[in-house]
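Worksheet: one structure, shown below.
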4 protein chains.
Amino acid sequence: MLSTVDGSFMSSPEAPALRADARRNRARILESGAAVFAERGASASTEEVAARAGVAIGTVFRHFPTKKDLLQAIIKDLLERLTDEVNALASEGDPATALFTFFGRMVREAAEKKTVADLLAADMGAGIQVAGPVQTLQEAIGTLLTGARHAGAVREDVRLDEVLALLTATCQGALSAGWDPDLRRRTLAIVFDGLRP
Amino acid sequence: MLSTVDGSFMSSPEAPALRADARRNRARILESGAAVFAERGASASTEEVAARAGVAIGTVFRHFPTKKDLLQAIIKDLLERLTDEVNALASEGDPATALFTFFGRMVREAAEKKTVADLLAADMGAGIQVAGPVQTLQEAIGTLLTGARHAGAVREDVRLDEVLALLTATCQGALSAGWDPDLRRRTLAIVFDGLRP
Amino acid sequence: MLSTVDGSFMSSPEAPALRADARRNRARILESGAAVFAERGASASTEEVAARAGVAIGTVFRHFPTKKDLLQAIIKDLLERLTDEVNALASEGDPATALFTFFGRMVREAAEKKTVADLLAADMGAGIQVAGPVQTLQEAIGTLLTGARHAGAVREDVRLDEVLALLTATCQGALSAGWDPDLRRRTLAIVFDGLRP
Amino acid sequence: MLSTVDGSFMSSPEAPALRADARRNRARILESGAAVFAERGASASTEEVAARAGVAIGTVFRHFPTKKDLLQAIIKDLLERLTDEVNALASEGDPATALFTFFGRMVREAAEKKTVADLLAADMGAGIQVAGPVQTLQEAIGTLLTGARHAGAVREDVRLDEVLALLTATCQGALSAGWDPDLRRRTLAIVFDGLRP
DNA sequence: GATGAATGAGTCTTCATTCAT
DNA sequence: GATGAATGAAGACTCATTCAT
């Protein structure tokens with residue numbers, strides 16, 4: 001993946017201009033947070049995130065005043081990275097396969113890193129708000145879908161919300177059940193078959 | 001549904017006979033536990049389960065020495081009920097549609113009652129062991145699949161583990177995303193299409 | 001069972017019927033809380049209150065779900081006790097001296113036990129609500145004042161709010177400065193002189 | 001008021017000369033500290049003092065190595081200002097009214113600015129030492145008292161410690177109860193009446 | 001000197017679990 | 001067996017204080 005975690009050289013203009021060490025810590029906290037929450041679920045302790053990031057607990061709370069803020073930031077980060085991937089596929093790849101490629105990649109990552117859908121699922125309920133980034137990602141996937149339809153790789157009557165539903169479902173399934181590569185391939189083959197004309 | 005919640009007259013032979021009120025309490029705890037954990041997730045407090053069951057907290061722990069035991073019992077209960085449903089479909093229904101019927105019913109319930117997959121997903125990770133009942137359910141579903149294949153309703157090369165993977169995935173997806181009936185129908189249509197010859 | 005359900009034969013009607021040991025603990029927590037907060041101020045730790053009461057921290061929070069609740073209960077308790085005293089004086093004592101007697105007693109206790117005014121002052125700001133009990137106490141003192149005026153012991157134009165202001169002020173002063181008995185006597189003598197015709 | 005806030009040109013001889021900006025910062029910290037602690041009580045955070053002073057937290061701790069030091073400095077400052085006021089009244093004003101004038105002014109300020117007595121009361125307990133400045137102020141007030149006695153405005157048997165006790169008490173009372181001007185006038189009228197022959 | 005990020009002990013609060021009643 | 005009070009280990013969060021930049 002090309003994007004940097006800390007967004008160091010292109011931080012958004014209104015950001016408070018963090019010191020180099022602070023930026024480094026922020027990035028490490030996000031990273032360890034993603035790992036810890038993916039492994040242990042959203043109820044893992046902030047202390048463990050701090051420990052894995054190699055900082056004191058206070059540092060985590062300085063960067064993210066609330067556990068919810070931390071969770072939200074991790075998810076946002078993840079969503080942005082996914083959106084970047086989708087956009088790259090949309091501009092480079094073959095429209096007939098780009099959607100399936102992204103779909104497969106996302107499910108594989110969910111199974112391997114146990115990150116994406118768990119966070120999306122486990123915590124949405126807790127009032128976490130990431131509406132903006134989610135919509136951006138969805139629109140990007142919509143572009144892939146349109147391309148695939150035009151290329152005749154996907155049925156004309158398939159709508160975006162079904163695709164998103166299938167994507168979310170398979171990510172969560174792969175995640176919680178730990179699909180091995182072969183099972184993943186066979187399961188997705190069925191879904192992809194269902195999408196084709 | 002025919003199964004009893006408390007399993008009163010078929011408890012394992014060596015278990016000491018429960019007093020009538022104890023049996024009643026056990027059943028009510030399982031029931032309220034299913035409701036509470038489905039609504040609030042597995043991190044809901046045991047106290048709340050007790051309150052909704054109308055018993056004191058001590059009573060819950062007398063029946064289930066550990067929260068994990070309670071969760072396990074609830075899941076087991078659920079699995080047994082599902083197995084009964086599958087078996088009923090297998091012996092009565094049309095083999096060509098039975099699998100799809102069960103699939104659709106389970107996803108609908110997940111979406112409506114937020115029970116099945118949430119428990120299965122959220123807590124499997126915590127070391128809960130329900131291997132036996134799960135296998136029983138899986139075998140029952142296997143029967144449905146075989147019937148469907150023989151009836152020509154499902155492709156010959158589709159294996160049970162893919163079907164289970166798709167079932168789990170869509171249940172979780174429906175659950176966490178709250179699919180409305182129309183979205184559920186369209187999403188499952190794609191999956192079913194993928195399963196057909 | 002022959003014993004009564006709550007075991008308490010004279011608790012106030014709407015009270016939740018505490019067990020004997022719980023009632024004992026509740027009382028001890030209120031007592032140690034009054035002492036600790038008076039000594040160390042309202043920012044003393046709940047842990048210390050628990051320790052002095054000889055219970056675990058959880059017990060304090062079972063009885064008073066919030067630190068604020070604890071503070072409020074202590075103050076209410078105090079106010080009720082004071083109101084009782086005032087009422088006793090109003091019905092028994094000499095109207096010409098009852099007000100002065102109560103005034104002096106309250107200031108002496110403030111100086112000795114460092115309780116009354118500190119709590120009243122330190123915590124009122126934190127959103128603690130004891131409006132009811134406070135008003136009850138004030139009305140009781142009002143009765144004393146009326147009696148004293150009728151007896152010619154206090155000037156006709158002295159109103160209740162001034163008396164309360166002087167009472168609060170001297171309590172706080174005695175409390176924070178630790179007036180010794182002699183200083184207290186001389187200081188109150190001046191105030192009482194100011195109140196007389 | 002004549003005293004400078006920063007005490008720049010009269011700092012103790014051995015203290016290293018502060019840079020102009022450092023002197024300015026010290027003054028602003030004292031000022032914002034007085035405001036913040038008066039508003040929020042002594043448990044307000046040092047961070048807030050820094051923010052209101054427009055400096056970083058490190059700067060506060062460079063000037064006052066400990067929160068206690070900061071509190072102590074604020075109180076000292078306050079006491080010195082009060083002493084100046086008393087001295088001015090002692091040398092200029094009418095001895096018969098000077099004491100009452102000062103008394104009334106101090107109580108009014110307490111009620112309005114919530115500063116004086118709060119700090120004096122709330123923090124004395126925490127081991128803050130300002131014995132020297134306090135004694136200086138007390139002696140200055142003693143001069144006012146002597147003048148008032150000689151002028152026949154105050155009873156011969158009234159001693160300084162009672163006057164100070166009444167002053168402290170009414171300041172605290174006015175402060176915590178927020179006496180309005182009318183109540184303040186009536187309450188002080190009673191106290192003054194008690195002091196007169 | 002100023003800055004503000006990092007530290008970590010301390011505080012409030014929750015909750016699974018135990019046990020006296 | 002049922003009750004619900006007590007326990008105490010965690011967990012989220014705060015804040016005085018230190019120190020690298």
Return the value, rounded to whole Å, for the distance between atom CD of C:Glu47 and atom P of E:dT13.
13 Å

Answer yes or no: is there a side-chain heavy-atom contact under 4.5 Å between B:Val55 and B:Arg28?
no

Between A:Ala56 and C:Ala44, just flag the one whose closest nucleotide in DNA chain E comes earlier from the 5' side.
A:Ala56

Base partner of E:dA16, which must satisfy Watson-Crick or wobble distances under 3.5 Å:
F:dT7

Whole angstrom value for the distance that separates C1' of F:dA20 from CD1 of D:Ile57
17 Å

Round to a whole Å and report the spacing from CZ of A:Arg26 to C1' of E:dA5.
14 Å

Is the shortest side-chain N/O distance from B:Thr46 to OP1 or OP2 of E:dC15 below 4.0 Å?
no

Looking only at atom types and distance, does a side-chain atom of A:Thr66 sit under 3.5 Å from a main-chain N or O of A:Asp69, one as donor and one as acceptor?
no

Contacts of A:Phe61 and B:Gly54 projected onto DNA chain F by closest heavy atom; the upstream (5') one is B:Gly54

Answer with base, sugar-phosphate or nothing: what part of the nucleic acid does A:Ala50 contact at a heavy-atom distance below 4.0 Å?
nothing

Rounded to whole angstrom units, what separation is found between the CG atom of C:Leu71 and the P atom of E:dC12?
10 Å

Quickly work out the A:Leu70 CG to F:dC13 C1' distance and round it to whole Å.
13 Å

Worked check of salt bridge (Lys or Arg N to Asp or Glu O under 4.0 Å) between C:Arg52 and C:Glu47:
CA-CA 9 Å; C:Arg52 174 138 15 160; C:Glu47 189 81 46; over 6 Å; no

Does a side-chain N or O of B:His63 approach OP1 or OP2 of F:dG1 to a distance below 4.0 Å, or not?
no

Side chain of D:Ala22, heavy atoms from C-beta onward: which of F:dC13, E:dA5, E:dG1 has the nearest atom to it?
E:dG1

Residue pair D:Glu31 / D:Arg26, side-chain heavy-atom distance below 4.5 Å
no

Send over the distance from A:Asp69 CG to F:dT14 P, rounded to a whole Å.
11 Å

Please report, rounded to the nearest Å, how far the P atom of E:dG1 is from the CZ atom of D:Phe64.
14 Å

Over how many whole Å does the gap from C:Glu48 atom CD to E:dC12 atom C1' extend?
15 Å

Can you tell me if A:Thr59 touches the phosphate of E:dA5, counting only side-chain N or O atoms and a distance under 4.0 Å to OP1 or OP2?
no

Considering heavy-atom distances to DNA chain F, does A:Gly58 or C:Asn25 have its closest nucleotide positioned more toward the 5' end?
C:Asn25

Of the nucleotides F:dA6, E:dA2, E:dT7, which has the atom closest to the C:Arg62 side chain?
F:dA6

Contact check, side chains of A:Arg23 and A:Arg19, non-hydrogen atoms, under 4.5 Å
no

